Amino acid sequence: MLSGLTIRGRCLLAAGVAAGICALVLDERDLLRVSAFVIALPLLALVLASRTRFGIAARRQVVQPRVPVGTEASVQLHVTGSGRLPVDGLVLEDNTPHALGGRPRFRLDAAPRHGGTILEYSVTPTLRGIHHIGPLRTRINDPFGLSEFERELAGRNRLVAVPSVFRLTGLPAGSGLGTGDDGTTRLRSGHGDDDTMVRQYRHGDDIRRVHWKSTARRDELMVRVEERPWHGGVTVLLDRRSAAHRGSGARSSVEWAISAAASICLHLHQSGQQVRLVTEDGQVLTGGAGPSDGGHDDDAVLDALAAVRSSPQRDLVATRDPGSGQELIAVLGETTTAAVAELTKLRPQETRSLALLLDVGAWNGENGGGFDPQQTARRLRAAGWTVVVVDGPGVAISDVWQRLCRETTAPESEVAT
């Protein structure tokens, strides 16, 4: 209870107690009366201030509840007077997280009872995530400044800072996404006389799947392709491992990867594709069976990526097949030889898989740092991937996507070299 006293009130209370002690020692009744008054005054002010019914109401409205990182959002406070006591001179403070800037403060000279007043301020999120604004608080003082109490006027509102999305053009060819031949059709066109679907041998294929009749006829290793049900659509794989990325804050490599995944998902949605977004450990963030729902799918992707956090998992492990018969596009950080082997298990053998491989050392100013993205890219290409290496944070996502589209126009044997 006494915690509501201000410094002035505590000093006055201490002076009253000291005067009372002196009055008892000196046997001064007049001093004792003064002491009783000095002690009673801050205590009376404390009780009155704590039980005062506050005559003001407020609510908060976030005008743009979902904005990209670095974009300004407007917040409105609707304040209305609702009691008989005067509310002039109150200071309102809205609690905002550090990522949204400083705490806005307003001095309320008057609160009209009819219609109220609107206080407006803006916030600019510097970090992706789900931020909570509030509560809105004010402080109530007694007329003598002896006590002070904090009152909450409005609760919390949510502001979603989604990753930046960049406009992409074109689609990869030859993988069922672009204007080239559909990947499934390309595979079917190579079957032999016994109506077996075959394709060229790729590194990592099981030797037991070699189709010897087609191999003898073509003078190169050919393997059988087990026909799997086609579920359609595209799977975007996001590598969010903290050990696979460098840098910090909004300019880290993981934020670049998240922004790239968001841009790719939204671009494929606009192209009429059904998209599923998964992480390196097989967790499905959004998407799945069912028809695409345009803007609703876009919002789901952005909300999921706004909330995603880096994973403490050090290694990329093929816990499940993320493709489920779909095209696969992976956005990768630092990828070891063991991770390449896991990715080889993940990729659908019937289709061409695509990868954006980040040279994460460039995000930290490292030269090499033990990770050679070009060597990793060669291993992935040998395993059947189409790979584009991202050289650093200054590379535009739209330019990387264009490079990936150009890579897919090359013959598969040429890409693998």
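Note that the structure is a prediction, hence the values are computed from the model and not measured. Numbering of residues begins at 1 and proceeds along the displayed sequence.
- For R276 (side chain) and L285 (main-chain N/O), no donor-acceptor pair under 3.5 Å exists by modelled atom type.
- The environment of CZ in R309 is crowded: more than 12 heavy-atom neighbours from other residues, nucleotides or ligands sit within 6.0 Å.
- The shortest side-chain heavy-atom distance between L127 and V69 does not fall under the 4.5 Å cut-off.
- Between R379 and T337, the closest side-chain pair of non-hydrogen atoms falls below 4.5 Å.
- The closest side-chain heavy-atom distance from P68 to V165 is not below 4.5 Å.
- Across all their heavy atoms, A362 and G392 have their closest contact at CB-CA, 3.7 Å.
- Test R314, R240, R241 against E280 for salt bridge (Lys or Arg N to Asp or Glu O under 4.0 Å) and you get one pass: R240.
- Between W256 and H245, a ring centre-to-centre spacing not shorter than 6.0 Å is recorded.
- None of R60, Q61, R59, H131 except one satisfies the side chain to side chain donor-acceptor pair (under 3.5 Å) rule with N157; the exception is R60.
- Here CG of L171 is found 7.0 Å from CD of Q273. Values are rounded to the nearest 0.5 Å.
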Run the numbers on T215 and E220 for side-chain contact (heavy atoms from CB on, under 4.5 Å), then give the verdict.
CA-CA 5 Å; T215 297; E220 61 178 332; over 6 Å; no
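- In this structure, V389 and A377 approach most closely via the heavy-atom pair CG2-CB, 3.8 Å.
- In terms of modelled atom types and a separation under 3.5 Å, the side chain of R66 and the main chain of D303 share no donor-acceptor contact.
- The distance from atom CG of L356 to atom CD1 of I264, rounded to the nearest 0.5 Å, is 5.0 Å.
- Annotation: side chain of V331 is not in contact with side chain of D239 (no heavy-atom distance under 4.5 Å).
- At a threshold of 4.5 Å between non-hydrogen side-chain atoms, the residues L380 and L343 count as touching.
- The heavy-atom pair separating W363 from S252 by the smallest distance is CD1-C, 3.5 Å.
- The backbone N or O of H267 sits less than 3.5 Å from a side-chain atom of S271, completing a donor-acceptor pair.
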Would you check, one step at a time, whether the test side-chain contact (heavy atoms from CB on, under 4.5 Å) holds for L136 with N95?
CA-CA 6 Å; L136 175 66; N95 186 20; over 6 Å; no
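- Residue A355 comes nearest to L404 through the heavy atom pair O-CD1, 4.1 Å, listed as atom of the first residue, atom of the second, then distance.
- For T386 (side chain) and L354 (main-chain N/O), no donor-acceptor pair under 3.5 Å exists by modelled atom type.
- Counting only heavy atoms from C-beta outward, the side chains of L146 and L12 approach each other to under 4.5 Å.
- Contact annotation: the side chain of V284 never approaches that of L277 to less than 4.5 Å [non-hydrogen atoms, C-beta and beyond].
- Put simply, the side chain of S122 never gets that close to the backbone of A73: no donor and acceptor are under 3.5 Å apart.
- Summarising the geometry, atom OG belonging to S310 is positioned 7.5 Å from atom CD belonging to E255; distances are rounded to the nearest 0.5 Å.
- T96 places no side-chain N or O within 3.5 Å of a backbone atom of L100 that could act as its donor or acceptor partner.
- Separation of atoms CD (Q274) and CG (L268) is listed at 11.5 Å; rounding is to 0.5 Å.
- Between atom OG of residue S164 and atom CD1 of residue I397 there is a gap of 8.0 Å, rounded to the nearest 0.5 Å.
- Classification of the F106-Y121 ring pair by plane angle, with boundaries at 30° and 60°, yields tilted.
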Intermediate values then yes/no, side-chain contact (heavy atoms from CB on, under 4.5 Å), W385 and L328
CA-CA 10 Å; W385 289 78; L328 180 59; 3.6 Å; yes
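- Inter-residue side-chain proximity for Q76 and V63 is flagged as met; some heavy-atom pair is nearer than 4.5 Å.
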Apply side-chain contact (heavy atoms from CB on, under 4.5 Å) to the pair V123 and V62, showing each step before the final yes or no.
CA-CA 10 Å; V123 293; V62 181; over 6 Å; no
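- Every residue was checked against the salt bridge (Lys or Arg N to Asp or Glu O under 4.0 Å) condition with R158, not counting sequence neighbours, and none meets it.
- Legend: residues meeting salt bridge (Lys or Arg N to Asp or Glu O under 4.0 Å) with R103, ordered by chain and number and at least two apart, are E93.
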Should S353 and E327 be marked as a side chain to side chain donor-acceptor pair (under 3.5 Å) after you check the CA-CA gap, both sets of side-chain angles, and the distance that decides it?
CA-CA 6 Å; S353 298; E327 306 287 348; over 6 Å; no
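- The two residues L305 and I258 come nearest to each other via the heavy atoms CD1-O, 3.8 Å.
- Note that CG of L358 is 9.0 Å distant from OG1 of T335, once rounded to the nearest 0.5 Å.
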Could you go step by step and tell me if R246 and E334 meet the salt bridge (Lys or Arg N to Asp or Glu O under 4.0 Å) rule?
CA-CA 9 Å; R246 302 292 184 273; E334 181 175 332; 2.5 Å; yes
